Amino acid sequence: SFVGTDSLEIIEYVPDAFEIITDGKIKQVGDRKTITWNKELVDGKTEVSYSYSIPLVFPELYALGPIEIHSKTSTFTEARNWFVAADPVAIFDDGAGVTGIALCSGTPSTIATTGATGFSAGNNLLIASTIITSTDAGQEVVTADIHDGTSALVTNEFAIQGGTSGLINDYLLLDKHTAGSNPTYNVRACNSAAAENGEAKISAISGMSVSDYVDGSLVAIGTTDTTIASLPTSLQAGNNIIIASIQIDNGGTGQDLAAGNLKIKDGSGATLASNEYALSFGTASNTDIQSIVLIAYQTSASANSTYTVTGAITNAADGEAKILVFQSAEAYVLNGASSAIAATQTIIGTLNTSFANGESVVVVATTAVDDTDNGAETLAATTGLVLQEAGVTKAANQYQLQASAVSGNAGDGYRHTQVWSGTTGSASPQYTLKATASATGLNGEVQIIAFKVQNPTISVSLTESLPLTATA
């Protein structure tokens, strides 16, 4: 108690790196700053306040206090510090596309880069979509990776194939990387021969600590559900985002992998996500190796949940999967239904959210397209398949999208994944995937996940109220 006290000196301690706005006096003391107020009590109480901004280093934990209160006769010191957590941040690059990616005998071409991230040392989640298109009739194969300037962190298990001019192939790179401070992440691609173009979109996320990852290995797929990859997580109970990037390498017999035969399952064996359309395989490039992305969101998941990617196919084929599982403070998911794509812009799916305006978010949208007739319909470059927020395009297909064959033949469908990260432009934004075909004859389906990442610019206003009553 401060019996008979009329005035107090109040001292707060903050990190040296903080920028302070206050009516108190600021002084440098070693590796900290002090803020001092001389206050008169009014009705036995007073109040102090200050605002601060923190460095753009994420994640980080800062100690405040303990506050000291001095009167003429006594001193009070808080029992402990208070802490400010600088939450995760995402950095995004939408690559411009590289014409004539380098040969694998030399240095690969960089098709997207984060540049120097400014991240502090720790674990970073990496999500990078790639798209490759051929410019001749050769049978080139492409390797893509995420590289940190020293080594390749993750790459495709099977070749990303070229083929007839204008055809595309797509692959999503996933990784969880333990890095030193200020890493740079480059998405690179190289080619077995000339005449392939490539582009990538990458989101690098620092500080999403509630996360797990597995990079699977080659598995022979059987005729019944076969585990391609499994991830027993160490995550706390909560809402889990699951993204799986899958490649299938067909054997010597042309065949379909039926709709619903690639799955993400939880530990009980329940299916959380599956392929909407069949994957039609041939036995030669561009149709014997194909990739697909599956997305699931399991709410109220138990601690240490396990997630498995399974597949089933009639004849010989190999598979591989990468699984990334993490939690976010706020996330929304859409598992869309099949829709016919018209020759005018068609909504394939819309994800409603309740994000606040100005939130930092990451959105991943993976689209499957199925040919239903004997025509060779296309989706035009940059406009044929667009991800929009409130009508504004945030990501688009860099190259024309075209199947390898018409309906009923190997390669009669394709898949394309788009990644975007940025700041919401309004409260409760909608994320919509729209497609425009050259003619009718295509169906499309989309899965979208949008999750919150803390805004990298944090300015916090702190008010401490100190009611002091004179007692005996």
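In what follows, every heavy atom counts, from backbone to side chain, and hydrogens, waters and symmetry copies are set aside. Here the structure is a predicted model, which is why all the values come from computation and not from measurement. Note that the numbering runs from 1 along the sequence shown for the chain.
- The main-chain N or O of Val386 is never found under 3.5 Å from a side-chain atom of Asn397 such that the two would form a donor-acceptor pair.
- Between the side chain of Ser305 and the backbone N or O of Ala301 there is no donor-acceptor pair closer than 3.5 Å.
- Between the side chain of Asp412 and the backbone N or O of Gly408, at least one donor-acceptor pair lies under 3.5 Å.
- The list of disulfide bond (SG atoms under 2.5 Å apart) pairs with a residue in residues 171-260, not counting sequence neighbours, reads Cys104-Cys190.
- Side-chain contact between Val406 and Asp373: absent, with no pair of heavy atoms (C-beta onward) separated by less than 4.5 Å.
- Rounding to the nearest 0.5 Å gives a distance of 8.0 Å between CD of Glu445 and OG1 of Thr366.
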**OP:** Applying side chain to side chain contact (heavy atoms under 4.5 Å, CB included), run through Leu173 and Thr130 and close with a yes or a no.
**Re:** CA-CA 8 Å; Leu173 294 160; Thr130 66; 4.1 Å; yes
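- Using modelled atom types and a 3.5 Å distance limit, the side chains of Asn286 and Gln161 yield no donor-acceptor pair.
- Contact record, Ala450 with Val363: CB-CG2, 3.9 Å, taken as the closest heavy-atom pair.
- From Gln298, atom CD reaches atom OH of Tyr307 across 3.5 Å, with rounding to the nearest 0.5 Å.
- Salt-bridge check for Asp215 with Lys322: passed, with a basic side-chain N closer than 4.0 Å to an acidic carboxylate O.
- Side-chain atoms of Ser302 never come within 3.5 Å of backbone atoms of Ser300 as a donor-acceptor pair (strictly under, hydrogens ignored).
- Asn124 and His177 are not linked by any side-chain donor-acceptor pair at a separation below 3.5 angstrom, with hydrogens and angles left out of the test.
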Subject >> Test side chain to side chain contact (heavy atoms under 4.5 Å, CB included) applied to Thr417 and Val364, step by step >> reply: CA-CA 7 Å; Thr417 300; Val364 181; 3.9 Å; yes
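- The CG atom of Asp288 sits 10.5 Å away from the CZ atom of Phe158 when rounded to the nearest 0.5 Å.
- Counting only N and O atoms by type, the side chains of Ser338 and Tyr277 include a donor and acceptor under 3.5 Å apart.
- Between the side chain of Gln247 and the backbone N or O of Glu320 there is no donor-acceptor pair closer than 3.5 Å.
- Rounding to the nearest 0.5 Å gives a distance of 10.0 Å between CG of Leu153 and CG of Asn186.
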Subject >> Trp420 and Glu389: CA distance, side-chain angles, deciding distance, side chain to side chain contact (heavy atoms under 4.5 Å, CB included) verdict >> reply: CA-CA 10 Å; Trp420 174 74; Glu389 179 194 78; 4.2 Å; yes
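- Asp93 places no side-chain N or O within 3.5 Å of a backbone atom of Ile202 that could act as its donor or acceptor partner.
- Two residues are said to be in side-chain contact when any heavy atoms from C-beta on lie closer than 4.5 Å; Ser203 and Ile91 fail this criterion.
- Between Tyr185 and Thr113, the closest side-chain pair of non-hydrogen atoms is not below 4.5 Å.
- Between the side chain of Thr372 and the main chain of Gly441, a donor-acceptor pair closer than 3.5 Å is present.
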**OP:** Could you go through the side chain to side chain donor-acceptor pair (under 3.5 Å) check for Lys201 and Gln418 one step at a time?
**Re:** CA-CA 7 Å; Lys201 298 172 173 63; Gln418 294 173 329; over 6 Å; no
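- In summary, the side chains of Asn374 and Ser407 do not present any donor paired with an acceptor at a separation below 3.5 Å, with no hydrogens or angles considered.
- In this structure, the side chains of Val187 and Thr110 stay at 4.5 Å or more apart for every pair of heavy atoms.
- Although no hydrogens or angles enter the test, the distance criterion places no donor-acceptor pair under 3.5 Å between the side chain of Gln236 and the main chain of Ala303.
- Between the side chains of Thr178 and Asn123, at least one donor N or O sits under 3.5 Å from an acceptor N or O.
- The 12-atom threshold is not exceeded at CD1 of Ile21, counting heavy atoms of other residues, nucleotides or ligands nearer than 6.0 Å.
- Using a 4.5 Å heavy-atom cutoff, the side chains of Leu126 and Val154 are not in contact.
- Taking CD1 of Ile160 as the reference point, atom CG of Asn169 lies at 7.0 Å (rounded to 0.5 Å).
- The side-chain heavy atoms of Ile131 and Thr133, taken from C-beta on, include no pair separated by under 4.5 Å.
- Annotation for Thr283 and Gly254: closest pair CG2-N, 3.6 Å, computed over non-hydrogen atoms.
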Subject >> side chain to side chain contact (heavy atoms under 4.5 Å, CB included) between Ser181 and Phe119, worked out >> reply: CA-CA 6 Å; Ser181 61; Phe119 295 166; over 6 Å; no
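- Listed by chain and number, the residues in a salt bridge (charged side-chain N to carboxylate O under 4.0 Å, His left out) with Asp225 are Lys263, Lys265 (sequence neighbours excluded).
- For the side-chain contact (heavy atoms from CB on, under 4.5 Å) test with Tyr213, the passing option among Leu174, Thr233, Ile323, Ile243 is Leu174; the others fail.
- Side chains of Thr117 and Thr184 form no contact here, defined as non-hydrogen atoms less than 4.5 Å apart.
- In this structure, the side chain of Asp266 engages the main chain of Gly269 through a donor-acceptor pair within 3.5 Å.
- Rounding to the nearest 0.5 angstrom, the gap separating the OH atom in Tyr431 from the CZ atom in Phe355 is 6.0 Å.
- Proximity of a side-chain donor or acceptor of Gln400 to a complementary backbone N or O of Thr378 within less than 3.5 Å is not detected.
- Residues Gln447 and Val293 share a closest heavy-atom pair of OE1-O, 4.3 Å.
- Contact annotation: the side chain of Ser354 approaches that of Tyr332 to within less than 4.5 Å [non-hydrogen atoms, C-beta and beyond].
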**OP:** Check the pair Asn239, Gln327 against side chain to side chain donor-acceptor pair (under 3.5 Å), reporting the backbone distance first and the verdict last.
**Re:** CA-CA 6 Å; Asn239 302 327; Gln327 294 180 1; over 6 Å; no
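- The two residues Asp212 and Ser234 make their nearest non-hydrogen contact at OD2-N, 2.6 Å.
- Taking all atoms of both residues into account, the shortest heavy-atom contact from Ala343 to Ala439 is CB-CA, 4.3 Å.
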Subject >> Worked check of side chain to side chain donor-acceptor pair (under 3.5 Å) between Asp170 and Ser291 >> reply: CA-CA 7 Å; Asp170 185 281; Ser291 65; 4.9 Å; no
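- Shortest non-hydrogen contact noted between Ser211 and Leu235 is C-CD1, 3.7 Å.
- Ring-centre distance between Phe451 and Phe326: below the 6.0 Å cut-off.
- If you look at Tyr62 and Phe83, their ring centroids are not closer than 6.0 Å.
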**OP:** Please test Arg188 against Asp145 for salt bridge (charged side-chain N to carboxylate O under 4.0 Å, His left out), starting from the C-alpha separation and ending with a verdict.
**Re:** CA-CA 5 Å; Arg188 311 184 313 167; Asp145 65 30; 2.9 Å; yes
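- With sequence neighbours excluded, the residues forming a side-chain contact (heavy atoms from CB on, under 4.5 Å) with Thr314 are Gln255, listed by chain and number.
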**OP:** Show the numbers, then the answer: is there a side chain to side chain donor-acceptor pair (under 3.5 Å) between Thr393 and Gln388?
**Re:** CA-CA 4 Å; Thr393 297; Gln388 295 187 338; 3.1 Å; yes
